[in-house]
Trainee: 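Below is one structure. I have some questions about it.
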Amino acid sequence: MTRHFLTVSDLSREELIGVLDRAEELKALRGTPAHPRPLEGKSVAVVFEKASTRTRLSFEVGIYELGAQPVTLISKHTQLDRGELVEDTARMLSRYVHGAVYRTFGHDRLEALARYATIPVVNGLSDKFHPVQLLADLMTIRQSCGPSLEGVRVAWIGDGNNMAHSWIVSAAVAGFDLVLACPPGYQPNEQVLADARERGASVRVVKRPDEALEGVGVVTTDVWASMGQEGEATERKRAFSGFIIDDAAMKRAAPDAIFLHCLPAHRGEEVSASVIDGPQSRVWDEAENRLHTQKALLEWLIV
Ligand code: CP
Ligand code: NVA
């Protein structure tokens, strides 16, 4: 059966840990003659309907390092932008390539691509989820806090957006404790929360950052206005006032807490320069880990 990765719960806990362990192996082998090329002779499409820096770089480089050919399509240069159905795109892609990464707006478009494709489909970010980012984030947590994710305490400060949803789903799959502090009107999707809790997730939603930060080992946030929400930037800045992760916020966390951010970041909005550029920040390891984790994921999905 063709497996897809549209959300973190498309993997079981064992499968998730397997991908993260394999990512460490691939990291260690990178640049050596022993690095495997399990996708030799294959091609993988990487399709963008939104902007990207890291996702494009990490997938293109990763696909190449696995021995395959990346084929990047920017939607405005494709027939998708002129109304070709995502269902037809899925059928057509399946005749050419061995896997497809898709960054889009509505999660339903990603589900449609997966439904009509006969090749593995990977979510490169939708309005609802950004699961490949979580693979990198969880790898970074393991590197700093030790191999067991169970019992790690994570605080999400900010918008109840696609990244927040991915943390919520991951709490259920990986077994860490999650507290989200979101301003009124910017809470996570109720169904995403309910589904995760039904799967046993330890997730709380609070109103103020200080209620979430006390003693946690991981502090994380994201932009206040995601792609597609640029027109709401001014009202969002007002709503998120007080939600910056600065030195005072980090002091509430555990002394050895780490700071994560999927990037791109806005210094002086959701995070101060002193934190993102400071000693507790792991954001560059986190960005690098996109490469290792996605290589492990593609190897697992496609080989
Ligand atoms: N974190 C992330 O997905 O970055 P890009 O938008 O640059 O791909
Ligand atoms: N929440 C952000 C994440 C960017 C990687 C967005 O969707 O724009």
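Numbering of ligands and ligand atoms starts at 1, following listing order.
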Trainee: Could you work out, for atom 3 (O) of ligand 1, the closest of His130, Arg54, Gln133 by heavy-atom distance?
Mentor: His130
Trainee: Closer than 3.5 angstrom, by distance alone: can the side chain of Arg3 be matched with the main-chain N or O of Asp10 as a donor-acceptor pair?
Mentor: yes
Trainee: From the options Lys50, Met227, Glu286, Arg103, select the one whose nearest heavy atom is closest to atom 6 (O) of ligand 1.
Mentor: Arg103
Trainee: Using a 4.5 Å cut-off on heavy atoms from C-beta on, say whether the side chain of Asn162 contacts that of Gln133.
Mentor: no
Trainee: Run the contact test for Arg56 against ligand 1 with a 4.0 Å cut-off on heavy atoms, strictly below, and give the result.
Mentor: no
Trainee: Output the list of atoms in ligand 2 that are nearer than 4.0 Å to some heavy atom of Asn161, sorted by atom number.
Mentor: 1 (N)
Trainee: Hey, does the side chain of His4 reach the backbone of Ala114 with a donor-acceptor pair shorter than 3.5 angstrom?
Mentor: yes
Trainee: Could you tell me if any non-hydrogen atom of Leu263 lies under 4.0 Å from any atom of ligand 2?
Mentor: yes
Trainee: Side-chain contact test, heavy atoms from C-beta onward, threshold under 4.5 Å: evaluate it for Arg267 versus Asp277 and give yes or no.
Mentor: yes
Trainee: Below 4.0 angstrom from a heavy atom of Arg290, which ligand 1 atoms are there? Numbered from 1 as shown, please.
Mentor: 1 (N), 2 (C), 3 (O)
Trainee: Which bit of His261 gets closer than 4.0 Å to ligand 1, counting heavy atoms only: side chain, backbone, both or neither?
Mentor: neither
Trainee: Quick check: does Ala51 get an N/O under 3.5 Å from an N/O on ligand 1?
Mentor: no
Trainee: Counting heavy atoms only, which part of Asp127 comes closer than 4.0 Å to ligand 2: side chain, backbone, both or neither?
Mentor: neither
Trainee: Residue-level breakdown please: for Leu263 versus ligand 1, do any non-hydrogen atoms fall below 4.0 Å on the side chain, on the backbone, on both, or on neither?
Mentor: backbone
